[in-house]
Amino acid sequence: MKTLVDKYAGKISASGLAPATGEGAPLVGGLDAALAWSRESEHIPELAPLFDFLAINSLAWCRPAGSYAHAVGYLAAEALRTGSASISPRDSETRTFLHDIPVVPAGDTAQLAAALGQRKGVILHDPERGPALAAVGSVSPEQCFVTVSSIAFACFVAFFGRALELTRDGGMDDAFRRSFDAAVAALPPMEAAPPELMAGPFTDEETVRRAMDQAGKALVERRLVDSFFGNISCRLGNTLFISQTGAPLDELPGLIDPVPLDGSTCAGLTASSECTAHTAAIEASGAQTLLHGHPRFAVILSLFCDERATCPEADRCHVACRVKRDIGGAPVVPGEVGTGPTGLSRTLPPALVQAGAAVALGHGVFTLGQTDFRQAFARLEYVERTARANFFDILGV
């Protein structure tokens, strides 16, 4: 267990979600024969009793870093000030995994236990030392990492999306402006040069798997996706090799499924939940590779629509939007995970065939590559770079 708690504490800081050292660095605990912690911390006496109160075997705590800290801090303070006691972002991670994000005062173990009894993760509001994130898992510390990533991502998207809405509706007030300026100042720049990826076409299974592993690691390293979100696939003959559902893209060896395109086996049962969308897009386009990431500014812009205030489908825009928009030439399409009437398997393939890239509203970016992952990666980075530039253009910055 000590190895696991150390691993996921390291992944939280490596993802830029929390500082690597100091009081706010990730603290991960795991219960096996005994309770093991990733490090010594003054917060252990407050957190350890949660293992007695809740049916959990793991817990993670950290203070968000950089832009995340300012976004989470502002939204948490606002939630408590207005009496809502939770945050309800509109991105797909929140809808799918979180539902809403409770906010509780730091130092109150009883409130923290009650909130974590209802949700996978919470925000702890501390006006003196800054906000913290806490998440629990019933199976593995991996679950805690996923939840911490989801909360940080959701708050980032909600906060920066609020900046667009306030600018459109008359401007930011002083309190928001201070937090926003600090969050912008903490934004890391995007990489200028493309990553070094294997050239195609790929002619054997071993090469396909190595190329997928390389592209997955590059997506995570460039923070175009959190480790456990997004997916990746590559066609070889009549087989689609695709990352398994919930697979960390920076740890793909052993987590790639070969799925026959003729449906002759049930190998797709453990494949990504978006396997059907991948298959349809690959077959319709003739492309060999597909990447799906969750770059933050593309998601933010996909949720920003001038017609939302008067749209009768405003509460269902992620599945019912009919407004024609694009980001860097990539159409913005509605759709939910799966194969239902409003599933991404129906909405994504036509958009990808048209443009080679598409943005699923509130969800992320999908891109195709004709022979390898270099073109797909370049397209994904271009959409995010364009989204980031458009974001600041709208603000007049």
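Index from 1, following the sequence.
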Quiz prompt | Sequence-distant partners of Glu42, salt bridge (charged side-chain N to carboxylate O under 4.0 Å, His left out), two or more places apart | solution = Arg129
Exercise. Would you list the pairs meeting ring-ring contact (aromatic ring centres under 6.0 Å, His included) in which at least one residue belongs to residues 9-29, sequence neighbours left out?
Key: none
Exercise. Please list all pairs passing the side-chain hydrogen bond (donor to acceptor under 3.5 Å, both in side chains) test where one or both residues lie in residues 131-144, with sequence neighbours left out.
Key: Tyr8-Glu142
Quiz prompt | Any residue meeting salt bridge (charged side-chain N to carboxylate O under 4.0 Å, His left out) with Arg388, in chain and number order, not counting sequence neighbours | solution = none
Exercise. Please list, chain by chain and in numerical order, all residues satisfying side-chain hydrogen bond (donor to acceptor under 3.5 Å, both in side chains) with Asp326, sequence neighbours excluded.
Key: none
Quiz prompt | Within residues 357-377 or reaching into it, pairs that qualify as side-chain hydrogen bond (donor to acceptor under 3.5 Å, both in side chains) - sequence neighbours excluded | solution = Glu274-His363, His292-His363, Asp372-Arg374
Pairs of donor and acceptor atoms involving the side chains of residues 66-75, under 3.5 Å and at least two apart or interchain, shall be tabulated with distances.
{"unit_1": "Ser67", "atom_1": "OG", "unit_2": "Ala183", "atom_2": "O", "d": "2.6"}
{"unit_1": "Ser67", "atom_1": "OG", "unit_2": "Leu187", "atom_2": "N", "d": "3.3"}
{"unit_1": "Tyr68", "atom_1": "OH", "unit_2": "Arg296", "atom_2": "NH1", "d": "3.4"}

Quiz prompt | Qualifying side-chain hydrogen bond (donor to acceptor under 3.5 Å, both in side chains) pairs with a residue from residues 178-187, counting only residues at least two apart or across chains | solution = Arg177-Asp181
Practice problem: Under the salt bridge (charged side-chain N to carboxylate O under 4.0 Å, His left out) rule, collect the residues that match up with Glu191, sequence neighbours excluded. | Solution: none
Quiz item: Can you name the residues that form a salt bridge (charged side-chain N to carboxylate O under 4.0 Å, His left out) with Glu381, not counting sequence neighbours?
Solution: Arg222
Practice problem: Name all pairs fulfilling the salt bridge (charged side-chain N to carboxylate O under 4.0 Å, His left out) condition that reach into residues 195-211, sequence neighbours left out, sorted by first residue then second. | Solution: Glu205-Arg209
Could you pull out all donor-acceptor pairs under 3.5 Å where a side-chain atom in residues 24-31 meets a protein atom, sequence neighbours excluded?
none

